[in-house]
Amino acid sequence: MTKKRIDQIEVAGRRVFVRVDFNVPMEAGAITDDRRIKSSLRTIRSVLSRGGRAVLASHLGRPEGKGFEAEFSLAPVAARLAELLGADAPHGVAFPSQDPTDDAARAAIAAMPERGVVLLENLRFAKGEKKGDAGFASRLAGLCDIYVNDAFGTSHRADASMYALPMAMRARGAPCVSGFLLDAELEYLVGRIAAAKRPFLAILGGAKVSDKILAIENLMAKVDRLIVGGAMAYTFLRAQGVATGNSLVEEDRVELAREILAKAAAKGCEFLLPTDHACGREFKAGTDTATVSGAIPDGWMGLDIGPATRERFAAAIRSSQTIVWNGPMGVFEMPPFDAGTRAVAAAVVDATASGATTIAGGGDTAAAVEEFGVADKLSHVSTGGGASLEVLEGKHLVCLDAIDDA
Ligand code: AMP
């Protein structure tokens, strides 16, 4: 799965369409977290420093393809990008239009100097983007000479700018390559997992077994050890006949959980579940709390892994060589039920420091490691929630078919 990367092709004087993921969180018109902008800077700089012209395009939020809506405009992103690029973009960042392919956008691109940057308006203002429309894709294709996918987080959806556009450009012989961000995601989520050093451990958590079932099944076939925490652990404990009190259990998945446990045992995959729990009376901040070992009594719900489980999970983590982590161990947004996820994060940091390859993915997990201030102490934190889960499920990301192999 090695794709040709932007730095491996000539860009001088060429118009390079870079599909980025600038879908940043916003509050009252202000960007609250600019990490997604920062994570594509290396790709953009690679185009500019070699005399290319960068045409950047992204979606933001979920407008429904009915034209311009101020609330979803990329204007604040254009301003922040100009600040971040500074002197690397000597002509600034042009933000010419209210529609990604209107006359103003085309005129601005036609007039671009070398090392110029144009940011198109939100792709999802166009009704063809979400529909993967060939007409919209061919209007975009007319704007540029080279295509770059640097939007890993959208690579599982065949939106027009992600799939039909590069397909149309390939059909006329234009290079279609990956950016540095996409390249790093593939290196870790695909490459390092395929060549995992052992012991190989997967840590899965979060709310529902039903959301993670395909990932559990796919990873179980590959790993030596599987840790399951978070609310989904309670469905497995119920399947083992352990009382779970008022904890979240997906009744309709208990049988499936039993089958998975049997499959893991047959395969010799070590399956680690919590044995003690940080419980609350209610799902709310400030609720009464208790540490419970084994059976959880009625009137209490498990909201995090308990102290003995934290130690057992940490020992498994510290003695593994490859670790993939998706999903929190408890309600990490609501202290004190963040302790389990913090302990797992600390152990993953230790494992990384001792040479293990560690990969965290999924929106909540990435948010947790950022909040704990340890994101840069892991080998890789995936920027793509849905897309990274699909890779862990063993699914093929359709938009990668449109990118040239290395
Ligand atoms: P997911 O999006 O599936 O990764 O689930 C993440 C969510 O699961 C977070 O918002 C956590 O608060 C929640 N969660 C984790 N553990 C528990 C638990 N024991 N009980 C209820 N919710 C939980």
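Both ligands and their constituent atoms are indexed starting at 1 by order of listing.
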(message) Less than 6.0 angstrom from the centroid, inside 45 degrees of the normal: does Arg42 satisfy that with respect to the ring of Phe180?
(response) yes

(message) Please list, in number order, the atoms of ligand 1 under 4.0 Å from a heavy atom of Gly302.
(response) 18 (C), 19 (N), 20 (N)

(request) Identify the protein heavy atom lying closest to atom 4 (O) of ligand 1, giving its residue, its atom name and the separation to 0.1 Å. (result) Lys212 NZ, 3.1 Å

(request) Any atoms of ligand 1 less than 4.0 Å from a non-hydrogen atom of Gly230? List them with their elements. (result) 16 (N), 19 (N)

(request) Looking only at distances, please establish whether an N/O atom of ligand 1 is found under 3.5 Å from an N/O atom of Asn326. (result) no

(request) May I ask you to check whether Ser155 and Arg19 show a side-chain donor-acceptor distance below 3.5 Å? (result) no

(message) Geometry only, no angles: is Gly327 polar-contacting ligand 1 at N/O separations under 3.5 Å?
(response) no

(request) Name the closest protein heavy atom to atom 9 (C) of ligand 1, giving the residue it belongs to and the distance to 0.1 Å. (result) Glu333 OE2, 3.3 Å

(message) I need the atoms of ligand 1 closer than 4.0 Å to a non-hydrogen atom of Leu248, numbered in the order shown.
(response) 21 (C)

(request) Please examine the side chains of Arg258 and Phe236, heavy atoms only from C-beta on, and report whether any two atoms are closer than 4.5 Å. (result) no

(request) Answer yes or no for Met334: is there a heavy-atom contact with ligand 1 below 4.0 Å? (result) no

(message) I'd like to know if the side chain of Glu69 and the backbone of Pro63 have a donor-acceptor N/O pair within less than 3.5 Å.
(response) no

(message) Side chains of Thr357 and Gln321 only: does a donor on one sit below 3.5 Å from an acceptor on the other?
(response) no

(request) Using a strict cut-off of 4.0 Å, indicate which atoms of ligand 1 neighbour a heavy atom of Leu303. (result) 19 (N), 20 (N)

(message) Can you tell me if Gly362 contacts ligand 1 (heavy atom of the residue under 4.0 Å from the ligand)?
(response) no

(request) Find all atoms of ligand 1 within a distance of less than 4.0 Å from any non-hydrogen atom belonging to Pro328, and give their numbers and elements. (result) 4 (O), 6 (C)

(message) Tell me if a side-chain donor or acceptor on Ser247 pairs with a main-chain N or O of Met301 at a distance below 3.5 Å.
(response) no

(message) Using modelled atom types and a 3.5 Å cut-off, is there a donor and acceptor pairing between side-chain atoms of Lys395 and backbone atoms of Glu390?
(response) no

(message) Strictly distance-based, threshold 3.5 Å: is any side-chain N or O of Asp159 a donor or acceptor partner for the main-chain N or O of Met162?
(response) no

(request) Look at ligand 1 and say whether Tyr234 reaches it with a heavy atom at a distance under 4.0 Å. (result) yes

(request) Taking only heavy atoms of Phe283 into account, list the atoms of ligand 1 that are under 4.0 Å away from them. (result) 21 (C), 22 (N)

(message) Students should be able to answer this: which protein heavy-atom is nearest to atom 23 (C) of ligand 1, and at what distance?
(response) Val331 CG2, 3.6 Å

(request) Give yes or no for whether the N/O distance cutoff of 3.5 Å, strictly under, is met between Asp364 and ligand 1. (result) yes

(message) Give me the nearest non-hydrogen protein atom to atom 18 (C) of ligand 1 as residue plus atom name, then the distance to 0.1 Å.
(response) Ala231 CB, 3.4 Å

(message) Side chain, backbone, both or neither: which applies to Met301 and ligand 1 if a contact is any heavy-atom pair less than 4.0 Å apart?
(response) neither

(message) Working to the nearest 0.5 angstrom, can you tell me the gap between Phe17 CZ and Ile146 CD1?
(response) 13.0 Å

(request) Only heavy atoms count here, so choose which of Ala207, Gly340, Ser247 is nearest to atom 5 (O) of ligand 1. (result) Ala207

(request) For Ser388 and Gly384, indicate whether the former's side chain and the latter's backbone hold a donor-acceptor pair under 3.5 Å. (result) yes

(message) For the aromatic rings, using the six-membered ring if either is Trp, is the centroid distance between Phe72 and His59 under 6.0 Å?
(response) no

